[in-house]
Amino acid sequence: MSHQIITDLESRHTVKHYDASKRISVADLEVIYEALRLSPSSINSQPWKFIVIESDTAKQRLHDTFANKFQFNQKHAKTASHTILFAHKKNYVRADYEKVINTDIQAGRTKPENKEQAFGAFTFVDMNTDDQGNNAAWTKSQAYLALGSTMHALARLNIDSTPMEGVDHELISELFPELEGYQCDVALAMGYNDATEDYNAALPKSRLALENIMTVL
């Protein structure tokens with residue numbers, strides 16, 4: 001099949017080794033960050049916070065979060081050009097959604113007089129909130145939508161990436177107090193692979209056949 005989207009996805013792979021000397025340009029970062037901001041989420045809830053690891057100091061902090069486990073991902077902390085921590089709010093409440101509605105009103109998407117009516121969508125939050133007010137499983141799902149959207153944007157820009165569920169969310173919370181109230185269970189390393197060391201780049205793309213995973217009714 002010949003299509004730019006397919007070309008993007010065919011060329012994308014999970015990088016195993018980065019070239020630490022190569023940096024993502026400011027122009028490309030602006031596109032990445034805007035793509036991140038435009039990510040979809042259930043009821044447009046946006047229950048997330050993104051921490052971008054860019055400076056050497058921040059990279060050292062990220063490197064230190066691998067002290068206890070997932071050391072196989074530790075090398076990416078310093079060699080990737082940038083890493084994004086995808087964090088989700090553990091207790092998403094009505095006040096959080098009100099910020100979304102207020103933004104909708106400012107954008108002209110919702111009329112001011114319909115503000116209370118717009119809270120009807122908050123039912124989806126209530127459905128996914130336990131008796132202790134925890135809805136982290138639901139908000140975490142939204143963070144993964146942003147992750148997928150960002151990965152495709154990177155592929156379009158010919159920027160390599162490594163999605164990492166192998167992160168220590170407890171140590172990340174300790175070393176990144178900026179995430180107070182949020183939890184990071186996945187991060188995305190970004191940059192350019194080391195062609196001589198990244199063995200995964202040379203391997204053929206392998207996926208199950210379409211007929212094995214999809215049924216058209």
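When all heavy atoms are compared, the tightest approach of Thr139 to Pro47 is CG2-CB, 3.6 Å. The heavy-atom pair separating His76 from Thr83 by the smallest distance is O-OG1, 4.3 Å. Taking all atoms of both residues into account, the shortest heavy-atom contact from Pro163 to Thr14 is CD-OG1, 3.9 Å.
Summarising the geometry, atom CG belonging to Leu157 is positioned 10.0 Å from atom CE belonging to Met190; distances are rounded to the nearest 0.5 Å. Note that CD1 of Ile159 and OG of Ser25 are 6.5 Å apart. Values are rounded to the nearest 0.5 Å. Interatomic distance, CZ of Phe70 versus OG1 of Thr65, reported as 10.5 Å (0.5 Å rounding). Distance SG/Cys184 to CG/Leu171: 11.5 Å, rounded to 0.5 Å. Within the model, atoms CE of Met127 and OG of Ser42 stand 9.5 Å from one another, a figure rounded to the nearest 0.5 Å. Remark: Leu188 CG to Leu85 CG distance equals 10.0 Å, nearest 0.5 Å.
Judged purely by distance below 3.5 Å, without hydrogens or angles, the side chains of Ser173 and Tyr182 never pair a donor atom with an acceptor atom. Side-chain contact, Gln4 with Asp8: a donor N or O sits under 3.5 Å from an acceptor N or O. Gln46 and Tyr97 share no side-chain donor-acceptor pair at under 3.5 Å. Using modelled atom types and a 3.5 Å distance limit, the side chains of Gln60 and Asp64 yield a donor-acceptor pair.
Using a 4.5 Å cut-off on side-chain heavy atoms (C-beta onward), Ile51 and Ile84 make no contact. Asp194 places none of its side-chain heavy atoms less than 4.5 Å from the side chain of Tyr18.
Checked against salt bridge (Lys or Arg N to Asp or Glu O under 4.0 Å), Arg23 has no partners two or more places apart in sequence or in another chain. Partners of Arg207 by side-chain contact (heavy atoms from CB on, under 4.5 Å), not counting sequence neighbours, listed by chain and number: Arg12, Lys205. With sequence neighbours excluded, no residue forms a salt bridge (Lys or Arg N to Asp or Glu O under 4.0 Å) with Glu113. Looking at residues two or more places apart in sequence or on another chain, you find no salt bridge (Lys or Arg N to Asp or Glu O under 4.0 Å) involving Lys75. Listed by chain and residue number, nothing satisfies the salt bridge (Lys or Arg N to Asp or Glu O under 4.0 Å) test with Glu211 (two or more places apart in sequence, or in another chain).
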### Message
Evaluate Asn91 against Asn134 for side chain to side chain contact (heavy atoms under 4.5 Å, CB included), listing each step before the verdict.
### Response
CA-CA 5 Å; Asn91 302 93; Asn134 186 301; 4.3 Å; yes
Check step by step if side chain to side chain contact (heavy atoms under 4.5 Å, CB included) holds for Glu54 and Leu29.
CA-CA 11 Å; Glu54 180 178 66; Leu29 285 172; 3.9 Å; yes
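Note: the hydrophobic cluster containing Phe86 does not contain Leu175 (ILVMFWY, side chain heavy atoms under 4.5 Å, direct or indirect links).
Applying the side chain to side chain donor-acceptor pair (under 3.5 Å) test to residues at least two apart or on different chains, the pairs with a partner in residues 184-193 are Gln183-Asp185, Asn193-Asp198.
Classification of the Trp48-Phe50 ring pair by plane angle, with boundaries at 30° and 60°, yields tilted.
Looking at Lys115, its side chain never comes within 3.5 Å of a backbone N or O of Ile105 through a donor-acceptor pair.
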